[in-house]
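Could you have a look at this structure, given as structure tokens, before my questions?
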Amino acid sequence: MTPLSFLPGTRLIKYLGIINMFFIRETTSLREEGGVSGFLHTFIAEVFAMVRAHVAALGGNAVVSYSMKECVFMENPNKNQAQCLINVSGDAVVFVRDTDQEATPTLIHTSCGGTDGPT
């Protein structure tokens, strides 16, 4: 995942579409999860994992123009509660490295031996 619109040293093979996802998480055990920082760190890591899994399910291997457009956090420390809303977006794509693409079209088919079957 990158905020860039391209990946250096790669070539775009297929555009799979726009990703625009909303995630909501809440907890009633904020202190047990490491406080606000532990809660947010875990949630953002899970968001990244879910976006990567979604793109992989579409057949992609990268997200370009990645953006976290909104992150709303609400906390009630007296009740040990917190809620968070995150909106992420980007473009799901398939990239190949320039070296991989150069090797792909030059496949040479050779046969071993001059017989078609066992001797």
Taking Ile13 as the starting point, is it possible to reach Val63 by hopping between hydrophobic residues whose side chains are less than 4.5 Å apart?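 Cluster IDs for Val63 and Ile13 match.
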Ignoring hydrogens, what is the shortest heavy-atom contact between Ile86 and Cys71? Give both atom names and the distance.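 Taking every non-hydrogen atom into account, CG1-SG, 4.0 Å.
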Joint cluster assignment, Met21 & Leu58, ILVMFWY side-chain distance < 4.5 Å: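 The answer is yes; both residues are in one hydrophobic cluster.
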How close do Asn20 and Ser89 get, counting heavy atoms only, and between which atoms?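 Heavy atoms only, the tightest pair is OD1-CB, 3.9 Å.
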Indicate yes or no: at least one non-hydrogen side-chain atom of Val36 is less than 4.5 angstrom from one of Glu75.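 Touching, per the 4.5 Å side-chain cut-off.
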Close side-chain approach of Val93 and Leu16, heavy atoms under 4.5 Å: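 No, every pair of side-chain atoms sits at 4.5 Å or beyond.
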Any donor-acceptor N/O pair, Asn87 side chain to Met68 backbone, under 3.5 Å: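 No, Asn87 side chain to Met68 backbone: no donor-acceptor pair under 3.5 Å.
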Between Leu40 and Cys84, what is the shortest heavy-atom contact and its length?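 For Leu40 versus Cys84, the nearest heavy atoms are CD2-SG, 3.7 Å.
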Strictly by side chain to side chain donor-acceptor pair (under 3.5 Å), give each pair with a member in residues 46-72 just once, sequence neighbours left out.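 Those involving residues 46-72 are Arg25-Glu46.
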So if you build clusters from Ile, Leu, Val, Met, Phe, Trp, Tyr with side-chain heavy-atom gaps below 4.5 Å, do Val94 and Val55 land together?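 Yes; Val55 is reachable from Val94 via cluster members.
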If you round to the nearest 0.5 Å, how far is OG1 of Thr28 from CD of Glu26?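 One gets 8.0 Å once the value is rounded to the nearest 0.5 Å.
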Please tell me whether Ile24 and Val72 are part of a single hydrophobic cluster in this structure, the criterion being side-chain heavy atoms less than 4.5 Å apart.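 Yes, Ile24 and Val72 fall within the same hydrophobic cluster.
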Check the angle between the aromatic planes of Phe43 and Phe23 and answer parallel, tilted or perpendicular using the 30° and 60° thresholds.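 Because their plane-to-plane angle is over 60°, the rings of Phe43 and Phe23 count as perpendicular.
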Leu4 atom CG: more than 12 heavy-atom contacts under 6.0 Å: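 More than 12 heavy atoms, drawn from other residues, nucleotides or ligands, come within 6.0 Å of this atom.
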Would you give the length of the straight line joining atom CZ of Phe73 to atom CZ of Phe39, rounded to the nearest 0.5 angstrom?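 The distance works out to 6.0 Å.
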Give me the one residue out of Ile19, Val88, Val51 that meets side chain to side chain contact (heavy atoms under 4.5 Å, CB included) with Met1.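 That would be Val51.
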Flag, side chain of Thr10 to backbone of Leu7, donor-acceptor distance under 3.5 Å: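 Yes, the answer is positive, given that a donor and an acceptor are paired below the 3.5 Å cut-off.
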With sequence neighbours excluded, residues passing side chain to side chain donor-acceptor pair (under 3.5 Å) with Glu32: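 Expected list: Asn80.
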Taking the side chain as every heavy atom from C-beta outward, state whether Ser5 and Val64 have any pair of such atoms under 4.5 Å apart.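 A side-chain contact is absent here, since even the closest heavy-atom pair is not under 4.5 Å.
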Answer yes if the side chains of Glu33 and Thr27 hold a donor-acceptor pair under 3.5 Å, and no otherwise.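 Yes, Thr27 and Glu33 have a side-chain donor paired with an acceptor closer than 3.5 Å.
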